[in-house]
Structures are given as C-alpha cells and as structure tokens.
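Notes for the one structure printed next.
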Amino acid sequence: MEYGGQMPGMPPQGMPGGPMGGPMPGNMGGPMGGGPPQGGYAPYGSYPGTFGAQPPAANDPMWGYFTAIAGQDGEIDAEELQRCLTQAGFTGSYSPFSLDTCRIMIAMLDRDFTGKMGFSEFKELFSALNGWKQNFMMFDQDRSGTVEPHEMTQAISAMGYRISPQALNAILKRYNKGGRIFFDDYVACCVKLRALTDNFRRRDVMQQGSVTFQYDDFILCTMAI
C-alpha cells in the first residue's frame, strides 16, 4: 500500500449548547481537505490528517449530554450512543443510525478495546460526525437522504483520501443500496476509512506508505472495526 502527500489535520471543534442536531460552529462544514492534487489520483493512498480531541472543560455543554447517557463507569456503549444520537435528532430528516454503525463509531476511537467510549472520545466523535454530515449535505441537494456513487467518490476525495479507482469501486459496491448511498451507510464508510487509515498510519512510523503486518495484527486492525 502506498500513499502520497499528507493532508493537514483538521482542528477539533467546540460543540454547541443547543440540541446536537443543530448547526455546530467552526469550519467543518466546508470541503474537507480541498480538491485532489495535481495529477488526479496519483499517487494512490494519500490520506488526511486525524481529528484531535481537546481536554474537556468543566463547563463544556457536551458534558450534560454525555452524563445523561453514560453508565456508572463513566463511559457509553453502542446502544447508549444510538439512543443519544436518535433522541438528540442528530440525523435530522435522515434515518437514525443503525446499531451496527454505532458499534463501529465506538470501535473507531476504542483504543483500549473496551467496547465503550469516554467523554473525550465522545466529543471527538461528534466533531467527526458533524464534518461528515455537512459533507454529505453538500451533495444531497434534494435532501433525499442519499447520494449517487459519483457523488460519494467526490465526497471521499473532498475528505482528502487519494485511493485507486479499484478501491473506490469496491467501496461503492459495498455501501450502495439500489445504486444510491444512504446517510447511515455513508457515515459507516467514513468511520471505517478513518479507522483503518489511522491503524495503518500508526504502524507506518517512517511515513513510507507501506507496512508489514503479522497475521494476528492484521486481524486485530480489521475485525475490530
């Protein structure tokens, strides 16, 4: 696997005090990563920077949302996350997130493999979700809750990924239903792209675009998402 130039990381965004389905501040609603570099896809495999999480503030309005659903251990699992996102109306007119999508949302940030997330990961997830939602809405002009395959390709490029046509074709076949990509599947695709890319980057310590996996490590990286 190879990748090209590195896209600058996206800044973490603060969360609003109002309902979580409302607009959020910051510049995450715009195209993420800008347009493709000169020469189109080449070289394949360029990936964007990761989202950073800021230390929680004592008066952070997101704390109330988190504590309302967190268990006694101070963390939330996939079912609690699904309930939070649904009750908060985050998806708006789009269909609510499936439990499977909520599971991989948690897996994306579950670096200690507990199957749950704490407050900092909760905030990090919402920053990422807001960016993905705004990106999706840029292409879903008729608010049908779906985008076409070519729009999905443009969305992936806007997020800074530079992957081959073969890989893009595989992604489109995996996540389309009846020739269109629904919001839930779009987010699931974004989560998996980010999580697998992060796993790859952590092992590509020399930034050479290639890594050697032991079988068990490969299974851990892929099956946990």
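Quick note: residue numbers are just sequence positions, from 1. We use all heavy atoms of the structure for the numbers below, so side chains are in, but hydrogens, waters and symmetry mates are not.
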Practice prompt. Kindly assign one of parallel, tilted or perpendicular to the pair Phe213 and Phe200, based on the angle between their ring planes and the thresholds 30° and 60°.
Written response: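 Aromatic pair Phe213/Phe200 classed tilted.
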Worksheet item: Going through the checks in order, is the side-chain contact (heavy atoms from CB on, under 4.5 Å) test met by Glu151 and Ile181?
Response: CA-CA 9 Å; Glu151 293 172 328; Ile181 295 91; over 6 Å; no
Worksheet item: Taking the six-membered ring for Trp, are the ring centroids of Phe126 and Phe122 within less than 6.0 Å of each other?
Response: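 Under 6.0 Å, so yes.
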Discussion item. side-chain contact (heavy atoms from CB on, under 4.5 Å), that's the test. Do Val191 and Trp132 meet it? Break it down for me.
Written reply: CA-CA 9 Å; Val191 169; Trp132 292 329; 3.6 Å; yes
Output yes when a side-chain donor or acceptor of [X] lies under 3.5 Å from a complementary backbone atom of [Y], and no otherwise.
X      : Y      : value
Gln134 : Gly131 : no
Arg162 : Ser157 : yes
Asn199 : Cys221 : yes
Thr86  : Arg83  : no
Arg143 : Asp140 : yes

Can [Y] be reached from [X] by stepping across I, L, V, M, F, W or Y side chains whose heavy atoms are under 4.5 Å apart?
X      : Y      : answer
Ile219 : Val211 : yes
Phe218 : Met223 : yes
Met117 : Trp63  : yes

Less than 4.5 Å apart, any side-chain heavy atom of [X] and any of [Y]?
X      : Y      : answer
Phe66  : Ile76  : yes
Arg180 : Ser144 : yes
Arg103 : Leu81  : no
Ile225 : Leu196 : yes

If you take all heavy atoms of [X] and [Y], which pair is closest and at what distance?
X      : Y      : value
Phe97  : Cys102 : CB-SG, 4.0 Å
Gly115 : Asp110 : N-OD2, 2.6 Å
Ala188 : Thr101 : CB-OG1, 3.9 Å
Glu121 : Leu109 : O-CD1, 3.2 Å
Ala224 : Phe113 : CB-CE2, 4.1 Å
Thr197 : Tyr161 : OG1-CE2, 3.5 Å

Distance in Å, [X] [atom1] paired with [Y] [atom2], rounded so as to fall on 0.5 Å steps:
X      : Y      : atom1 : atom2 : answer
Ile104 : Cys190 : CD1   : SG    : 9.5 Å
Leu172 : Thr153 : CG    : OG1   : 4.5 Å
Arg174 : Asn169 : CZ    : CG    : 14.5 Å
Ile106 : Gln82  : CD1   : CD    : 10.5 Å
Leu125 : Leu129 : CG    : CG    : 4.0 Å
Phe182 : Ser95  : CZ    : OG    : 7.5 Å

Practice prompt. Determine, step by step, whether Asp184 and Tyr94 satisfy the side-chain hydrogen bond (donor to acceptor under 3.5 Å, both in side chains) criterion, reporting the C-alpha distance in whole Å, the side-chain angles of both residues, the deciding distance to 0.1 Å, and the verdict.
Written response: CA-CA 8 Å; Asp184 181 69; Tyr94 300 145; over 6 Å; no
Practice prompt. Check the pair Ile171, Tyr175 against side-chain contact (heavy atoms from CB on, under 4.5 Å), reporting the backbone distance first and the verdict last.
Written response: CA-CA 6 Å; Ile171 290 171; Tyr175 289 100; 4.0 Å; yes
Worksheet item: Do other residues, nucleotides or ligands put more than 12 heavy atoms under 6.0 Å from Asp112 CG?
Response: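 Atom CG in Asp112 is crowded, with more than 12 foreign heavy atoms closer than 6.0 Å.
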Practice prompt. Can you tell me which residue pairs pass the side chain to side chain donor-acceptor pair (under 3.5 Å) test with a partner in residues 68-80, sequence neighbours excluded?
Written response: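 Checked against side chain to side chain donor-acceptor pair (under 3.5 Å) - neighbours excluded - the pairs reaching residues 68-80 are Asp73-Lys116.
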Worksheet item: Where do Asp100 and Ser98 land on the side-chain hydrogen bond (donor to acceptor under 3.5 Å, both in side chains) test, with the steps shown first?
Response: CA-CA 5 Å; Asp100 281 343; Ser98 67; 5.5 Å; no
Worksheet item: With a cut-off of under 6.0 Å to the ring centre and 45° to the axis, is Lys133 in cation-pi contact with Phe90?
Response: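 Yes, Lys133 and Phe90 form such a contact.
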Practice prompt. For side-chain contact (heavy atoms from CB on, under 4.5 Å), just list the numbers for Glu148 and Phe139, CA-CA rounded to whole Å, side-chain angles, deciding distance to a tenth of an Å, and then say yes or no.
Written response: CA-CA 9 Å; Glu148 297 181 8; Phe139 295 99; over 6 Å; no
Worksheet entry | Among Arg202, Gln208, Arg201, side chain to side chain contact (heavy atoms under 4.5 Å, CB included) partner for Asp204 |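 Looking at Arg202, Gln208, Arg201, the match for Asp204 under the side chain to side chain contact (heavy atoms under 4.5 Å, CB included) is Gln208.
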